[in-house]
Amino acid sequence: MADRTVGRFLHRLGMVCLLLIACVNAGCVSGRTYRTQLHAGDYCIFKKGGDCPGELLHQVGETPGEPSPPVLMGYVEFDDQGYLRAPASKESLINQIRAIDRDRPVLMVVFAHGWKHNAAPKDGNVEAFAKFLVKIAKADAGACKGKLCERRQVVGIYLGWRGLSNKVEPFKTLTFWGRKGRAHRVGTDGATEVLAELAKLNAVNHAVRSISGNRLIITGHSFGGGLIYNSLNQLLIRDTAFINNGKVPRNVANLVVLVNPAFEAARFNALQRKASAMTFSPGQMPILAIFTSQADSATKRAFPAGRALATLFSEHSTSEQKRQNVQAIGHYAPYRTHTLKQLATPSSVEFRDFGCAWKAYSTGTTDQWNVGAVALARTPATSASSPLSLQSARFNPYMVVQVEKGIISGHNAIWGDEFSDFLYRFVAVQGYNRKCTVADDSAEQD
């Protein structure tokens, strides 16, 4: 009798296990290369999600009027080991951007997607990034009107990895640990190679143009933010050794922006420690800007829960170190430097107005930059440090920004109008150098 009971139990257990395996397999998203076709000069036109499947480089939207060239969007894909899925495709894409650069300046905007996404034609991040590129192109055209960079071409580079490995819940959510590790692996290996090549292209000297006019903006969301930071953090730390007259050079990129990034505050410790010991001068441009919403429950609650399990048997020298190793960077209050808040009365969205407002902010005339419906404000210093060090902290180029929930309402709500409008304007004003007052020297925006 007992043997029969045990037999029935084992039979049922086996059936449950088989059912679980079937569910996992049914929802499994296998790794694949989505983008392999390049039709240089005869670009497919992307208007909505699902358009231009298989295209390595395509146009976004209709061709604008002269002198603005069309917006282009390309793809580089990685496997779970961080290898390039199609090295030849990456070379073709870089060569095509290089060919464009020989004719006109290029604004390269890189985006690494997050968890539960990939480079599939109908992935929501593909369409959202394409729309964002159009906004950036419009703002950049305003910034460059009548200037040396007037013909600058916006080229987006979408870094695709297997952020979506299962479509069936709860297995989709249980991929947290595995996907975090894969994102960091991609950042350590393949992405570093691609970003280095783009940085080299960004810094190239031109025989035909006295000023390059190129720009490189690198962005990432969620685990994609971790991917980017993992790829660049050692280079960012290295650059702090080259501070000159109170300013750190922007060698990695013209700007790195991470939105609701899913990596622990402990990863930021070395860079923050270096920055806190340095003296920055007015006019120091942002190098790294990390934006995290108050309403991002994924990094506020789910991320620390996952990290608590992952670090259960890790050794920590202090309780604060343990806290840093569990909390996501954006929710670790001691590292916070800025707040992005909503304005009761929207400010001007005329480029010259918010460009000059940025100029006043970056030189320390004001501690709040009003742009459209939002304002970027420095967090008041509460330290007992000397007045000189507090003044220096105002120009810290490594920004950790808390975003009000009305601007970004959740972990994936990063493409809403208020934040995306702020972000493309934030990108456009970097290096703004037009005449704002009679006392200003006239200069060219490049």
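The analysis underlying the following values was restricted to heavy atoms, covering all of them including side chains, and did not include hydrogens, waters or symmetry mates. Note that the numbering runs from 1 along the sequence shown for the chain.
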Checklist entry - Using 30° and 60° as the class limits, which term best fits the ring planes of Trp369 and Phe426: parallel, tilted or perpendicular? => result tilted

Next on the checklist: Suppose we screen for side chain to side chain donor-acceptor pair (under 3.5 Å). Which residues come up paired with Glu193, at least two apart in sequence or across chains?
Outcome noted: Lys90

Checklist entry - Is it true that Glu62 and Lys47 have a side-chain N and a carboxylate O under 4.0 angstrom from each other? => result yes

Item to check | NZ/Lys138: more than 12 non-hydrogen atoms of other groups inside 6.0 Å | outcome: no

Item to check | Verdict with supporting geometry, Asp421 and Lys135, salt bridge (Lys or Arg N to Asp or Glu O under 4.0 Å) | outcome: CA-CA 8 Å; Asp421 287 352; Lys135 288 187 174 184; 2.9 Å; yes

Checklist entry - Taking Asp140 for the side chain and Ile136 for the main chain, is one N or O donor matched with an acceptor at less than 3.5 Å? => result no

Next on the checklist: According to side chain to side chain donor-acceptor pair (under 3.5 Å), who are the partners of Thr311, at least two apart in sequence or on a separate chain?
Outcome noted: none

Item to check | Any residue meeting side chain to side chain donor-acceptor pair (under 3.5 Å) with Arg182, in chain and number order, not counting sequence neighbours | outcome: none

Checklist entry - Measuring from Asp239:CG to Ile287:CD1, what's the distance to the nearest 0.5 Å? => result 7.0 Å

Item to check | Side chain proximity check, Asp296 to Phe303, heavy atoms < 4.5 angstrom | outcome: no

Checklist entry - Are the aromatic ring centres of Tyr335 and Phe268 under 6.0 angstrom apart? => result yes

Checklist outcome for this item: Between Gly283 and Lys247 the two heavy atoms that sit nearest each other are C-CE, 4.0 Å

Checklist entry - When you look at Thr292 and His331, which way does the side chain to side chain donor-acceptor pair (under 3.5 Å) test go after all the steps? => result CA-CA 7 Å; Thr292 301; His331 297 289; 5.6 Å; no

Next on the checklist: To the nearest 0.5 Å, what is the distance between CZ on Arg152 and CZ on Arg104?
Outcome noted: 13.0 Å

Next on the checklist: Quick one: does any side-chain atom of Arg307 pair with a main-chain N or O of Asn325 as donor and acceptor, under 3.5 Å?
Outcome noted: yes

Item to check | More than 12 heavy atoms from other groups under 6.0 Å of CD on Gln234 | outcome: no

Checklist entry - Between Gln96 and Ser92, is there a donor-acceptor pair closer than 3.5 Å when you use the side chain of the first and the backbone of the second? => result no

Item to check | Aromatic Tyr361 / basic Arg378 pairing, under 6.0 angstrom, 45° off normal | outcome: yes

Next on the checklist: Working to the nearest 0.5 angstrom, can you tell me the gap between Met73 CE and Phe129 CZ?
Outcome noted: 6.0 Å

Next on the checklist: Within 45 degrees of the ring normal and closer than 6.0 Å to the centroid, is that where the cationic atom of Arg179 sits relative to Phe223?
Outcome noted: no

Checklist entry - Going through the checks in order, is the side-chain contact (heavy atoms from CB on, under 4.5 Å) test met by Gln59 and Leu72? => result CA-CA 4 Å; Gln59 182 174 322; Leu72 300 179; 4.2 Å; yes

Checklist entry - Taking all non-hydrogen atoms of both residues, which atom of Val248 and which atom of Tyr398 are closest, and how far apart? => result CG1-OH, 3.7 Å

Checklist entry - Do the rings of Phe46 and His58 sit parallel, tilted or perpendicular, given the 30° and 60° boundaries? => result parallel

Next on the checklist: For Gly190 versus Phe78, what's the shortest heavy-atom pair and its separation?
Outcome noted: C-CE2, 3.3 Å

Next on the checklist: Please evaluate residues Asp101 and Arg98 with respect to the criterion salt bridge (Lys or Arg N to Asp or Glu O under 4.0 Å), reporting the C-alpha separation (whole Å), side-chain torsions for both, the decisive distance (0.1 Å), and the verdict.
Outcome noted: CA-CA 5 Å; Asp101 175 55; Arg98 191 175 289 117; over 6 Å; no

Next on the checklist: Tell me if the CZ atom of Arg238 is crowded by more than 12 foreign heavy atoms within 6.0 Å.
Outcome noted: yes

Next on the checklist: Are there over 12 heavy-atom neighbours, none belonging to Glu169, within less than 6.0 Å of that residue's CD?
Outcome noted: yes

Item to check | Working for side-chain contact (heavy atoms from CB on, under 4.5 Å), residues Asn125 and Phe111 | outcome: CA-CA 10 Å; Asn125 275 192; Phe111 174 69; 3.9 Å; yes

Next on the checklist: Is there a side-chain contact (heavy atoms from CB on, under 4.5 Å) between Val154 and Val60? Walk through the geometry before answering.
Outcome noted: CA-CA 10 Å; Val154 173; Val60 178; over 6 Å; no

Item to check | From CA spacing to verdict: side chain to side chain donor-acceptor pair (under 3.5 Å), Asp123, His113 | outcome: CA-CA 10 Å; Asp123 189 278; His113 65 79; over 6 Å; no

Checklist entry - Quick one: does Trp115's side chain get under 4.5 Å of Lys180's, heavy atoms only? => result no

Checklist entry - Sub-3.5 Å donor-acceptor pair from the side chain of Ser293 to the main-chain atoms of Ile408, do we have one? => result yes

Checklist entry - Backbone N or O of Ser89 within a donor-acceptor pair of the Arg35 side chain at under 3.5 Å? => result no

Item to check | Distance-only donor-acceptor check, side chains Arg267 and Asn230, under 3.5 Å | outcome: yes

Item to check | Side-chain H-bond candidate by donor/acceptor type, Thr337 with Thr379, under 3.5 Å | outcome: no

Checklist outcome for this item: On a heavy-atom basis, the closest approach of Ile94 and Leu201 is O-CD1, 4.3 Å

Checklist entry - Does the ring centre of Tyr34 sit less than 6.0 Å away from the ring centre of Tyr158? => result no

Item to check | Candidate pair Val400 and Tyr332, rule side-chain contact (heavy atoms from CB on, under 4.5 Å), full reasoning | outcome: CA-CA 9 Å; Val400 180; Tyr332 185 68; over 6 Å; no

Checklist entry - So, does Asp79 use its side chain to make a donor-acceptor pair with the main chain of Arg85 at under 3.5 Å? => result no

Item to check | CZ-CD distance between Phe132 and Glu127, expressed to the nearest 0.5 angstrom | outcome: 15.5 Å

Checklist entry - Is there a donor-acceptor pair closer than 3.5 Å between any side-chain N or O of Ser409 and the backbone N or O of Lys405? => result no

Next on the checklist: Quick check against the 3.5 Å criterion: does Gln402 have a side-chain atom that pairs as donor or acceptor with the backbone of Gly330?
Outcome noted: no

Next on the checklist: Counting C-beta onward and ignoring hydrogens, is there a side-chain heavy-atom pair between Ile45 and Asp51 closer than 4.5 Å?
Outcome noted: no

Checklist outcome for this item: All heavy atoms of Ala428 vs all of Ala143, minimum pair found to be O-CB, 4.2 Å

Item to check | Under 3.5 Å: donor-acceptor pair, side chain of Thr175, backbone of Gly178 | outcome: no

Item to check | Gap separating the CD1 atom of Ile329 from the CG atom of Asn260, nearest 0.5 angstrom | outcome: 12.5 Å

Item to check | Phe351 and Phe354 aromatic ring geometry - parallel, tilted or perpendicular at 30°/60° bounds | outcome: perpendicular

Next on the checklist: Would you say that Phe422 contacts Val371 through its side chain, given a criterion of any heavy-atom pair below 4.5 Å between the two side chains?
Outcome noted: yes

Checklist entry - Would a 4.5 Å heavy-atom cut-off, applied to side chains only, mark Val349 and Arg425 as touching? => result yes

Checklist entry - Which is it for Glu320 and Arg323 under the salt bridge (Lys or Arg N to Asp or Glu O under 4.0 Å) test, yes or no, and what are the steps along the way? => result CA-CA 5 Å; Glu320 194 60 26; Arg323 183 182 166 206; 3.1 Å; yes

Checklist entry - What is the distance from atom CD1 of Ile228 to atom CG of Leu159, rounded to the nearest 0.5 Å? => result 5.5 Å

Checklist entry - Side chain of Asn214, backbone of Pro105: donor and acceptor closer than 3.5 Å? => result no

Next on the checklist: Please tell me whether Ser222 and His411 have a donor and an acceptor in their side chains that are separated by less than 3.5 angstrom.
Outcome noted: yes

Checklist outcome for this item: Heavy-atom closest pair (Phe242 atom, Pro249 atom, distance to 0.1 Å) is O-CD, 3.4 Å

